[in-house]
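Since the structure comes first, as structure tokens, the remarks are kept for the end.
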Amino acid sequence: MEELSKAYEPADVEPRWYKYWLDLGVFKAGTERSAGKPTYVIPMPPPNVTGSLHMGHALGCTFQDVLIRHKRMQGYDALWQPGIDHAGISTQVVVERLLKREGKTRHDLGRDAFIARVWQWKEQSGGRISQQLQIIGCSADWERSRFTMDPDMSAAVREAFVRLHEDGLIYRATRLVNWDVESQTVLSDLEVEIEENVQGELYEFAYAVIDADPTAGAAELVVATTRPETMLGDTAVAVHPDDPRYTHLHGKKLKHPFVDREVPVITDAVLVDMAFGTGAVKVTPAHDFNDFATGKRHGLEELNIFNFDGTMNAQGGEFAGLERFKARKAVKKRLAELGLERGAKAHKMTLPRSQRTNSIVEPMISTQWFMKMAPLAEPALQAVRDGRVKIVPEEWVKTYEYWLTNIQDWCISRQLWWGHQIPAFHCQDCAHVTVTREDTAKACSKCGSSKLVQDPDVLDTWFSSQLWPFATLGWPAQTPDLARYYPAADMETGYDIIFFWVARMIMMGLYFMGDVPFKRVLLHGMVVDETGDKMSKVKGNTLDPLDLIHGASFETMVQKALPDAPVAEALTKFKKSYPSTAQMGKGFPAYGTDALRMTLCSYSPQAKRIALSPARVDGYRKFCNKVYNATRFALTYIKDEKPSGKPPENPKLLLNRWLLSRLSAAVTGSTAGIDDYRLDDGAKALYGFFWDELCNWFVEMTKPIFTDGSPEAQAETRATLVHCLEVVLRALHPYMPFITEELWQLLPKAVGHPASIALASYPTAADGRTDAEAESQMGWLTAAISGARTVRSEHGIKFSQRVPVELRSADAVVRQVLSDNSPMIQFLASTDGPPTVAEPSTQRPRGSTLNVAGDVEVLVTLKGHIDPAKESERIDREVNHVVKDIEVMQKKLANQNFVANAPTDVLSEARARLDSLKQQKTRLEAGRELVKELSE
RNA sequence: GGGCGCAUAACUCAGCGGUAGAGUGCGUCCUUCACACGGACGAAGUCGCAGGUUCAAUCCCUGCUGCGCCCACCA
């Protein structure tokens with residue numbers, strides 16, 4: 001065997017195995033290997049075709065990969081369905097930007113050429129993210145990968161649209177909608193993000209009253225607005241019917257200062273809050289949602305004053321052609337010139353922005369396609385209420401229910417070119433709209449005319465995404481895959497798309513498949529920086545997962561995160577966002593995929609924010625190194641073993657019985673953690689087992705056996721070591737796929753083992769052996785060793801300085817266990833020969849000091865090394881602790897109510913604890929006499 | 001305006017009606033033949049504040065304070 005290097009180098013290991021797995025077909029579902037097995041399915045949330053790997057992907061995909069690898073190892077026919085989303089607006093924006101560099105717009109190319117251009121872009125640079133997901137080890141069935149614009153996906157979209165239309169759930173209507181002036185399309189309510197606490201102003205100006213009665217009151221009406229430019233679309237001014245200030249104006253008309261129009265004064269108790277502003281509200285039905293509703297109540301004209309690009313149209317009169325915000329300035333200027341300005345106040349307001357382009361959303365009246373949601377929402381609510389879909393963590397159920405019970409109809413059309421074109425055809429003769437499954441409608445379904453023009457709009461990207469769980473399996477065709485893999489078991493995703501995606505998939509699954517699309521929804525939090533701030537390009541605190549995996553200097557990283565800022569400034573910002581990098585020098589070492597994955601798993605998925613700490617990733621890199629070195633150590637002893645694949649029969653040695661028992665607990669903990677979507681618990685169970693129990697205790701204990709033990713003892717220990725190591729590597733594999741494969745391949749294994757650890761079975765409790773007796777016996781042993789080490793350390797005795805130790809216990813079994821394992825104690829506590837074991841006694845070796853470690857008294861002879869003053873201090877401190885604890889316990893037990901009401905086990909536990917504390921106190925105080933002796 | 005969540009060791013976070021935990025960091029010691037990306041030992045917390053329920057509260061309830069998020073058409 002070639003010599004293994006001293007330290008683990010992930011970069012040398014990781015790239016090799018992914019290809020191996022692909023060649024073996026490890027990730028494929030529905031193979032002969034899995035025939036007749038139960039299925040386990042996770043549909044992967046398809047990343048955007050424009051996307052590149054970020055921490056959110058790394059987090060979600062790691063979680064999903066752990067789940068899928070675990071179930072695959074458990075023998076399920078595991079399908080992780082991958083794919084890519086065509087991401088309508090994002091993609092169109094990206095390609096339009098490229099065109100702009102060539103000095104062109106999409107209109108220069110025309111629709112068909114533009115779409116061809118997007119496809120070309122997609123083939124070249126889209127889908128880079130699939131490659132990146134492979135770097136982090138995702139074991140998805142890539143051969144089944146789907147793109148939401150694939151022909152079969154398009155067919156599914158058309159089928160869904162047509163059926164929903166036939167059933168009256170999709171309709172066309174003219175409404176006030178959210179308009180994105182930059183990408184020039186309508187947006188759904190969900191795609192509008194509201195920026196809060198924006199500093200704006202409340203601007204006041206006066207409308208002159210026509211035919212005012214000068215004796216009744218002022219001849220003008222002052223209104224307050226945050227958007228003065230919209231006054232060009234005012235078709236009324238509303239006051240509260242009960243407002244005494246304006247009673248004289250009821251029924252009057254106002255003169256518009258810029259256009260030839262009279263604006264009526266109306267009374268409306270819904271719209272107007274007397275206490276706000278001037279108590280008079282200008283009403284612009286075509287550009288404000290409240291005003292729109294008011295207009296409907298009063299039959300007001302809806303006057304659109306904007307073009308689709310956000311400039312003023314002809315209704316703007318002298319302001320026509322001006323961009324919205326320029327128009328605002330101009331209007332204010334003119335109002336001032338006309339002497340109509342009445343002041344302005346600072347005002348905190350909210351601003352609606354487009355999720356994709358960040359431009360301020362303009363409410364516009366427009367004819368669009370809508371989906372009626374209330375009838376779809378009801379069954380989706382029911383499915384969660386009756387448990388057919390379980391949402392984990394449960395706290396999100398309320399959010400889900402709130403949205404679905406207050407759901408609004410969904411605007412599904414978009415004025416884009418990239419996407420699924422709406423399968424509706426407008427008749428040029430009779431204006432009837434024909435909706436069809438065919439690529440093109442041949443004749444109007446009403447008048448039979450062949451003069452048909454397809455609706456130019458495309459569907460919201462989420463319209464296709466919502467069909468994902470069944471469209472990827474062949475729907476609407478009734479394929480064997482659809483029958484076998486629908487519904488999925490788990491949907492794992494971020495909580496930010498509960499509404500966009502999760503709820504809609506549940507509605508569509510129930511509607512088209514008659515069954516929920518998945519049994520559980522597992523929701524993870526958002527990855528944020530170390531201080532808890534959202535990762536964003538603006539803040540310069542984004543972390544590229546690949547930089548953590550492959551290593552990167554901070555300079556290259558901040559240049560990516562904040563390309564426009566000076567490096568020094570960006571670096572300062574970055575280090576502020578990640579305080580743990582302060583002592584890291586120039587950058588990240590190559591932590592490796594496994595370290596990153598294990599780190600992500602170590603955070604509780606139910607936390608809303610996951611504050612990623614590079615220092616923590618470093619900790620798990622060290623864990624990888626630990627795993628590597630422990631295996632390297634073990635191999636020197638076990639390389640010629642012929643393991644059976646089962647735990648050794650009847651192990652006699654305590655350390656072997658104990659380790660097998662702990663192994664059972666660890667794999668049970670891991671499986672429970674994964675099943676409960678508490679990967680942190682699962683990962684922690686194995687981490688603790690490996691590092692503390694296997695390495696720090698077991699491996700150290702094997703050393704005296706491998707050097708001086710009997711052949712039988714050595715054989716048994718070798719068998720236990722090789723078995724436990726092989727099992728724990730399997731248990732760790734879903735979390736850390738690469739290093740476990742690398743090391744597992746080096747281990748001797750039972751005959752007939754699979755070609756990859758990824759195909760080996762996931763361990764169960766039966767791979768170890770629960771042994772309560774061994775666990776308590778080991779407790780005495782470790783207590784004795786730690787007790788002796790504590791004394792040594794406190795008195796500054798070097799490890800190389802061997803000292804006599806005597807161990808005492810009143811319990812014959814304890815004494816027996818200590819004697820049986822005395823070579824081990826000698827080795828681990830560096831004692832002068834095997835420790836003597838005795839019953840408690842008032843006699844003590846001269847110059848010895850006593851430490852009480854649970855059931856064992858440890859007497860270490862330190863004459864000549866010991867500092868009596870220090871020892872005295874130590875005893876005082878310990879006694880003080882014990883005395884305090886005793887007081888607490890005594891008080892508790894003196895309470896009659898406690899004695900009467902506490903459960904018996906709690907009571908007896910408390911009594912036992914008090915007894916043991918009292919004994920400890922007695923033993924500690926006996927130590928005071930030793931100090932005297934030492935001083936002599 | 002509604003709703004949700006968080007506040008535990010210097011940091012990042014678990015936990016839980018009955019002795020406060022981990023990792024990192026910190027201090028001391030150790031290059032003992034897997035690993036210094038290591039080992040041993042240790043110090044460190046009125047579990048945000050104020051009430052209440054209970055025999056017993058870090059945990060349950062109420063209020064407050066400070067953060068964070070989501071939803072909502074107050075000009």
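Model, not experiment: these values are computed from the prediction. To find a chain, count down the sequence lines: A is the first, B the second, and so on, and within it residues start at 1.
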Problem set entry | Stems formed with participation of RNA chain B [Watson-Crick or G-U wobble, under 3.5 Å, three or more pairs] | B:1-7 with B:65-71, B:10-13 with B:21-24, B:26-30 with B:38-42, B:48-52 with B:60-64
Problem set entry | N/O donor-acceptor pair, side chain A/K626 with base B/C35, under 3.5 angstrom | yes
For this session: Name the nucleic acid region contacted by A/V699, choosing base, sugar-phosphate or nothing; use a 4.0 angstrom heavy-atom cut-off, strictly under.
Result: base
For this session: Look at all strands and tell whether A/A630 reaches a base, only sugar-phosphate, or nothing, counting heavy atoms closer than 4.0 Å.
Result: base
For this session: Mind checking A/E196 for me? I need base, sugar-phosphate or nothing, with any heavy atom below 4.0 Å counting as a touch.
Result: base
For this session: For B/A40 and B/A7, measure between their P atoms and round to the nearest Å.
Result: 31 Å
For this session: Classify the nucleic acid contact of A/S613 as base, sugar-phosphate or nothing, counting any heavy atom under 4.0 Å across all strands shown.
Result: nothing
Exercise. Just checking A/L612: base, sugar-phosphate only, or nothing, at a heavy-atom cut-off of under 4.0 Å?
Worked result: nothing
Problem set entry | Lys/Arg N to Asp/Glu carboxylate O, A/E700 vs A/K703, below 4.0 Å | yes
Problem set entry | Proximal nucleotide (of B/A75, B/G18, B/C41) relative to the A/S793 side chain | B/C41
Exercise. Quantified in whole Å, what is the P atom distance between nucleotide B/C61 and nucleotide B/C11?
Worked result: 27 Å
Problem set entry | A/D618 CG - B/G25 C1' separation (whole Å) | 12 Å
Exercise. Reckon A/K608 touches a base, only the sugar-phosphate, or nothing at all at heavy-atom distances under 4.0 Å?
Worked result: base
Exercise. Are A/D915 and A/K918 ion-paired here, with the side-chain N under 4.0 Å from a carboxylate O?
Worked result: no
Exercise. Do the side-chain N or O atoms of A/K345 get closer than 4.0 angstrom to the phosphate oxygens (OP1, OP2) of B/A75?
Worked result: no
For this session: Indicate, with a heavy-atom threshold strictly under 4.0 Å, whether A/D273 touches base, sugar-phosphate, or nothing.
Result: base
For this session: Would you kindly compare A/K892 and A/S800 by the position of their nearest RNA chain B nucleotide and give the one closer to the 5′ end?
Result: A/K892
Exercise. NA contact type, A/V888, heavy-atom cut-off 4.0 Å: base, sugar-phosphate, or nothing?
Worked result: nothing
For this session: Flag this pair as yes if the NZ/CZ of A/R609 is under 6.0 angstrom from the six-membered ring centre of A/Y603 and inside a 45 degree cone about the axis; otherwise no.
Result: no
Problem set entry | P-based separation of B/C59 from B/U19 [nearest Å] | 14 Å
For this session: Describe the nucleic acid contact of A/A900 in one word from base, sugar-phosphate, nothing, applying a heavy-atom distance below 4.0 Å.
Result: nothing
Problem set entry | NZ/NE/NH1/NH2 to OD/OE distance under 4.0 Å, A/R353 and A/E195 | yes
Problem set entry | Salt-bridge contact A/E302-A/K296 (side-chain N to carboxylate O under 4.0 Å) | yes
For this session: Would you confirm whether A/R245, through its side chain, and A/M274, through its main-chain N or O, come within 3.5 Å as a donor-acceptor pair?
Result: yes
Problem set entry | Side-chain-base donor-acceptor pair under 3.5 Å for A/R616 and B/U24 | no
For this session: Determine the interatomic distance between C1' on B/G38 and the same-named atom on B/C33; round to the nearest Å.
Result: 14 Å
Seminar exercise, completed: Assert: residue with more 5' nearest nucleotide on RNA chain B, out of A/K684 and A/V906, is A/K684
Problem set entry | Between B/A9 and B/C30 - P atom distance, rounded Å | 32 Å
Exercise. Can you check the A/Y495 OH to B/G5 C1' distance for me, whole Å?
Worked result: 9 Å
Exercise. For A/W691 and B/G39, is the shortest distance between a side-chain N/O and OP1 or OP2 below 4.0 Å?
Worked result: yes
Exercise. For A/K798, which contact category applies under a 4.0 Å heavy-atom criterion: base, sugar-phosphate, or nothing?
Worked result: sugar-phosphate
Exercise. Within less than 4.0 Å of OP1 or OP2 of B/G42, is there a side-chain N or O belonging to A/T790?
Worked result: yes
For this session: Pick base, sugar-phosphate or nothing for A/C695, based on heavy-atom distances below 4.0 Å to the nucleic acid.
Result: base
Problem set entry | Spacing of A/Y400 atom OH relative to B/G3 atom C1', expressed in whole Å | 18 Å
For this session: Mark yes or no for whether A/D676, through its side chain, and A/R678, through its backbone, hold a donor-acceptor pair below 3.5 Å.
Result: no
Exercise. Heavy atoms under 4.0 Å, any strand shown: does A/T399 hit a base, just sugar-phosphate, or nothing?
Worked result: nothing
Problem set entry | salt bridge (Lys or Arg N to Asp or Glu O under 4.0 Å) partners of A/D409, counting only residues at least two apart | none
For this session: Considering only atom C1', compute the distance from B/U31 to B/C26 and round it to an integer number of Å.
Result: 22 Å
Exercise. When you compare B/A14 with B/A22, how far apart are their C1' atoms, in angstrom units rounded to a whole number?
Worked result: 7 Å
Exercise. Which part of the nucleic acid, if any, lies within reach of A/N696 when heavy atoms closer than 4.0 Å are counted: base, sugar-phosphate only, or nothing?
Worked result: sugar-phosphate
Problem set entry | N or O in side chain of A/S580 less than 4.0 angstrom from B/G25 OP1/OP2 | no
For this session: Considering only NZ, NE, NH1 and NH2 on the basic side and carboxylate oxygens on the acidic side, decide whether A/R911 and A/E909 come within less than 4.0 Å.
Result: no
Exercise. Hey, does A/P352 reach any base, or is it just sugar-phosphate, or nothing, if we go heavy atoms under 4.0 Å?
Worked result: nothing
Exercise. Considering only side-chain heavy atoms of A/R678, which listed nucleotide, B/C35, B/G15, B/A75, is closest?
Worked result: B/G15
Problem set entry | Same-atom distance (C1') from B/U53 to B/U12, integer angstrom | 34 Å
Problem set entry | Quiz item: A/E700 side-chain donor-acceptor pair to B/A34 base, under 3.5 Å | yes
Exercise. Just to confirm, is there a sub-4.0 Å distance from OP1 or OP2 of B/C55 to any side-chain nitrogen or oxygen of A/K891?
Worked result: no
Exercise. Counting side-chain heavy atoms from C-beta on, which of B/A75, B/G25, B/G23 comes nearest to A/K622?
Worked result: B/G25
For this session: In plain terms, say whether A/E196 and A/K348 are close enough for a salt bridge, that is, a side-chain N and a carboxylate O under 4.0 Å apart.
Result: no
